[in-house]
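For reference, the structure is listed below as structure tokens.
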2 protein chains.
Amino acid sequence: MRSPTELTAAFRGRGLKVTPQRQLIFRLLDGNTAHPSAEILFAAAEAQMPGISLRTVYQTLNDLAEMGELNQLDLGTGASRFDPNVGDHHHLVCVDCGAVRDVHVSGARQLTPDGGPQGFVLDAPHVIFRGHCSECADAAQRS
Amino acid sequence: MRSPTELTAAFRGRGLKVTPQRQLIFRLLDGNTAHPSAEILFAAAEAQMPGISLRTVYQTLNDLAEMGELNQLDLGTGASRFDPNVGDHHHLVCVDCGAVRDVHVSGARQLTPDGGPQGFVLDAPHVIFRGHCSECADAAQRS
DNA sequence: TCGCAATTTGCAACCACTGTAGATTGGCAA
DNA sequence: TTGCCAATCTACAGTGGTTGCAAATTGCGA
Ligand SMILES: [Mn+2]
Ligand SMILES: [Mn+2]
Ligand SMILES: [Zn+2]
Ligand SMILES: [Zn+2]
């Protein structure tokens, strides 16, 4: 995702308005590595702008995703997770608490389906490592 | 997933009953490579057993997944997809129609997060190739 | 400053899935 | 073979995540 300032220009360029709600969401996403859900972002937004609606958060996230500024990830954690890091990277997912961490995976780019793409036109592969984060593994240990 | 006959024994062994509904679902899944959703399986089941309930389909799928006979996949296609192939393999996903195809990916097993597992205890990695299947690519071409 | 298309909000609706309870039944014991 | 009863099935309500809609509001180019 580009910076809030650059996004402001990009939105205006598309005939989209730059509202205080959108600017707030730009700021909340800028540099955010937590892979937040819409609900989590809404909670953070509401703290700074009481009255903002969840619907507006969804709207803006969808706009950003459509513009390619945001990746929407479905990792089996219940809700979609939004990722302002649109560069080449992969994910660690805690199946207990839903935490998501970025990882680089050398060699992932070269991965290819054995026997060819089966007629598919393919994007770059995405590697998901599921497991238990240290907090959840510790909690399980203690019990 | 094991064969319907073997599953019958496995269910009885766990104190679970083998009902006509469950047997039908076993058969519908046996050798099924379509990665069906619960709704799709329900439609197929209803055709052979009018009156079967969607709830029962979900129940049985959850039981099979809990027993490790089935993998539940979250591929961002709306609903969970169920996979009787629990061996080591990966997936091609059409972002247009939701088609899922099995692929083997040599080298996938050895993939590792650069810089270590970050404190996570990890399962085997899962590689997802998103793209457009030949049918959907053709349809886009023609339009 | 004005006008209006874009946006926001509130709320209903939708989809995938789960909880519940009463009716039904598979499968063991007698 | 029958009877019992825990397991199951179905119907339906409820939940969580997300989208559709319409009336009120507002950013921003003219
Ligand atoms: Mn990420
Ligand atoms: Mn598969
Ligand atoms: Zn965790
Ligand atoms: Zn397709």
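Protein chains get the first letters and strands the later ones, always in sequence-line order, with residue 1 at the start of each. What you see is a predicted model, and the numbers here were worked out from it, not measured in a lab.
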Rounded distance (nearest 0.5 Å) linking atom CZ of F26(A) with atom CZ of F11(A): 3.5 Å

With respect to the phosphate group of [N], does any side-chain polar atom (N or O) of [X] fall under 4.0 Å of OP1 or OP2?
X      : N       : result
Y58(A) : dT19(D) : no
S80(A) : dT18(D) : yes
T19(B) : dG26(C) : no
Q59(B) : dA7(D)  : no

Calculate the interatomic distance between [X] atom [atom1] and [N] atom [atom2]; express it in whole Å.
X      : N       : atom1 : atom2 : value
L75(B) : dA16(C) : CG    : C1'   : 15 Å
K17(A) : dA24(D) : NZ    : C1'   : 13 Å
L54(A) : dG20(D) : CG    : P     : 14 Å
R22(B) : dT10(D) : CZ    : P     : 11 Å
R12(A) : dA6(C)  : CZ    : P     : 16 Å
L61(A) : dT19(D) : CG    : C1'   : 14 Å
R81(B) : dC17(C) : CZ    : P     : 11 Å
R14(B) : dA6(D)  : CZ    : C1'   : 17 Å

Could you tell me whether the side chains of [X] and [Y] share a donor-acceptor contact shorter than 3.5 Å?
X      : Y       : value
Q59(A) : R55(A)  : yes
D83(B) : H89(B)  : yes
T56(A) : S53(A)  : yes
H90(B) : D102(B) : no

F11(A) or E39(B): which one's nearest nucleotide on DNA chain C is closer to the 5' end? F11(A)

Closest to the 5' end of DNA chain C, once T77(B) and M49(A) are matched to their nearest nucleotides, is M49(A)

By nearest atom, which of the nucleotides dG17(D), dG27(D), dA16(C) is closest to the A79(A) side chain? dG17(D)

Return the nearest nucleotide to the side chain of Q21(B); candidates are dC17(C), dT10(D), dG27(D). dT10(D)

Here's a test of your reading of the structure: between S53(B) and N62(A), which maps to the more 5' nucleotide of DNA chain D? S53(B)

Looking for any heavy atom pair under 4.0 Å, which part of the strands does S37(B) touch: base, sugar-phosphate only, or nothing? nothing

Side-chain-base donor-acceptor pair under 3.5 Å for R55(A) and dG20(D): yes

